[in-house]
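As the structure lists them, so they are numbered: ligands from 1, and atoms in each ligand from 1. Heavy-atom basis, side chains included; hydrogens, waters and symmetry copies ignored.
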Amino acid sequence: MLEKLSQLREEISQALQSPTPEAIENLRVKMLGKKGEITSVLKGLGALEPNERKSAGQAANELRDWAQEQIDTAKVQAQGVLQAQALTTEHIDITLPGKRRGIGRLHPLTQVYGKLEELFISLGFDIVEGPHIETVYHNFDALNTPESHPSRDVTDTFYFNDDYLLRCHTSPMQVRLMEKQKPPIRVVVPGKVFRRDEIDATHTPVFHQMEGLVIDKNIHMGDLRGIMELIASHIFGANMKIRLRPSFFPFTEPSAEVDITCYACNGKTRQDPCRVCKGSGWVELWGCGMVHPKVLENCGIDPAVYSGYAFGLGVDRITSALYGITDPRFYFENDVQFLKQF
Ligand code: DAH
């Protein structure tokens with residue numbers, strides 16, 4: 001037995017002369033693992049004669065402690081050797097120039113939203129957002145939009161089922177706001193809207209609006225006109241001319257489209273029709289009107305006491321007009337070369 005132990009000790013000393021970390025681990029398993037040689041000597045002690053057992057046990061335990069210590073020390077040393085090797089063979093070239101991270105910037109649409117919000121905050125409006133998933137009731141019915149209206153068609157609007165859809169404008173927030181708040185109301189609602197449009201030079205299935213709603217006593221068309229002019233001059237500068245062109249929306253009466261002088265041809269190339277205004281000299285940017293009495297009634301507001309105006313700014317169009325962008329697809333392509341110009 002004692003001879004066996006001194007053989008094992010010799011073997012361990014040999015194996016630890018200049019070992020790799022793997023060799024050390026193998027040796028540990030071979031000697032001290034569950035089925036290791038020292039482990040099985042320790043297990044076999046019980047079979048020895050009592051007088052032999054004591055000295056053999058002492059020697060075997062001592063060998064086990066010694067082996068464990070040798071192996072631990074060897075592991076630390078072997079790792080140190082590897083590290084020292086790495087230090088001499090691996091280099092960091094501190095003279096290489098670093099990688100510059102480009103600083104991002106706000107998307108042009110976000111910038112225009114910001115400019116609009118700045119104006120409306122200065123005028124005392126609240127800013128609220130609404131749900132993208134709307135009820136058919138808020139999106140159409142409460143807004144006085146009859147079943148026969150083309151925008152209600154499944155070919156124009158994304159329906160989930162008979163009751164829910166992706167809002168096709170921000171106007172349903174007019175209803176949500178009037179349902180829970182009594183006048184005076186002064187609010188704008190920025191957000192995405194969704195329509196079943198094929199992507200082309202003037203359409204994208206997702207685009208951006210900012211709804212405006214003002215309800216109070218004695219609000220009239222002159223107030224609406226004044227605010228429309230303020231928006232145009234805040235975005236495009238004091239010289240920008242607008243015109244209100246009679247139009248139709250089911251939820252306003254009267255209704256108007258707000259046009260600005262064409263940003264591409266400045267309203268001057270009527271003989272040689274311009275691609276943007278098609279020769280009219282004007283570009284349509286958004287819709288507006290006096291809130292229809294039926295809409296007020298639908299929301300529990302008495303049209304004999306209160307009146308108001310509403311508008312739905314086309315943020316993509318305003319941005320295109322501001323920067324002369326002739327294709328809305330640029331807004332969604334995430335091309336940094338494009339985005340960093342603004
Ligand atoms: N909701 C209309 C659309 O998406 C835009 C609009 C027109 C909003 C007139 C209004 C409004 O608030 O008064 O085409």
Side-chain angles (χ1 to χ4, degrees), residues 116 120 125-132 134-146 149-153 156-158 165-179 183 185-197 202-216 219-229 231-232 242-260 283-296 298-299 301 303 306-319 328:
L116 289 166
F120 287 113
F125 281 61
D126 293 326
I127 300 176
V128 300
E129 290 184 42
H132 292 163
E134 255 306 349
T135 64
V136 171
Y137 173 77
H138 287 93
N139 195 87
F140 291 128
D141 298 306
L143 287 167
N144 195 36
T145 309
H149 197 275
S151 65
R152 293 188 69 142
D153 205 276
D156 277 27
T157 296
F158 295 106
L165 44 68
L166 280 177
R167 68 177 180 192
C168 68
H169 51 178
T170 41
S171 306
M173 275 305 284
Q174 291 186 28
V175 179
R176 288 190 180 277
L177 289 158
M178 287 189 280
E179 277 173 348
I185 297 173
R186 230 168 229 89
V187 67
V188 285
V189 184
K192 288 185 170 59
V193 299
F194 309 86
R195 291 190 196 169
R196 247 176 210 276
D197 280 324
T202 50
H203 295 88
T204 51
V206 183
F207 57 103
H208 303 81
Q209 291 189 335
M210 185 183 254
E211 192 77 14
L213 178 70
V214 171
I215 307 284
D216 206 342
I219 300 287
H220 54 74
M221 195 86 186
D223 299 315
L224 169 61
R225 165 102 207 176
I227 291 287
M228 299 301 98
E229 281 177 0
I231 299 170
I242 62 164
R243 74 172 181 188
L244 263 61
R245 180 167 42 85
S247 183
F248 173 79
F249 297 102
F251 37 89
T252 44
E253 184 57 37
S255 308
E257 300 282 354
V258 176
D259 298 345
I260 59 162
V283 185
E284 176 189 319
L285 286 193
W286 69 84
C288 63
M290 301 305 293
V291 177
H292 198 294
K294 276 212 187 126
V295 176
L296 295 175
N298 290 343
C299 303
I301 292 178
Y306 292 103
S307 58
Y309 61 82
F311 52 89
L313 306 179
V315 175
D316 309 66
R317 286 188 189 171
I318 293 173
T319 309

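- R186 pairs by the side chain to side chain donor-acceptor pair (under 3.5 Å) definition with nothing, not counting sequence neighbours.
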Pairs of nitrogen or oxygen atoms, one from ligand 1 and one from the protein, closer than 3.5 Å: please tabulate them with distances.
residue  : atom   : partner : partner atom : Å
ligand 1 : 1 (N)  : H169    : ND1          : 2.9
ligand 1 : 1 (N)  : S171    : OG           : 2.9
ligand 1 : 4 (O)  : R195    : NH2          : 2.8
ligand 1 : 4 (O)  : Q209    : NE2          : 2.9
ligand 1 : 12 (O) : Q174    : NE2          : 3.1
ligand 1 : 12 (O) : E211    : OE2          : 2.6
ligand 1 : 12 (O) : F311    : N            : 3.3
ligand 1 : 12 (O) : F311    : O            : 3.4
ligand 1 : 13 (O) : A310    : O            : 3.1

Test H169 against F251 for ring pair (Phe, Tyr, Trp, His ring centres under 6.0 Å), laying out the working first. CA-CA 12 Å; H169 51 178; F251 37 89; 5.7 Å; yes
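- Panel note: side chain Q209, backbone T170; a donor-acceptor pair is recorded below 3.5 Å.
- Under a 3.5 Å cut-off, the side chain of R152 and the backbone N or O of T145 do form a donor-acceptor pair.
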Test side-chain contact (heavy atoms from CB on, under 4.5 Å) on V258 and F311 and set out the steps. CA-CA 10 Å; V258 176; F311 52 89; over 6 Å; no
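- With respect to K294 and E253, no salt bridge is recorded, no charged nitrogen being found less than 4.0 Å from a carboxylate O.
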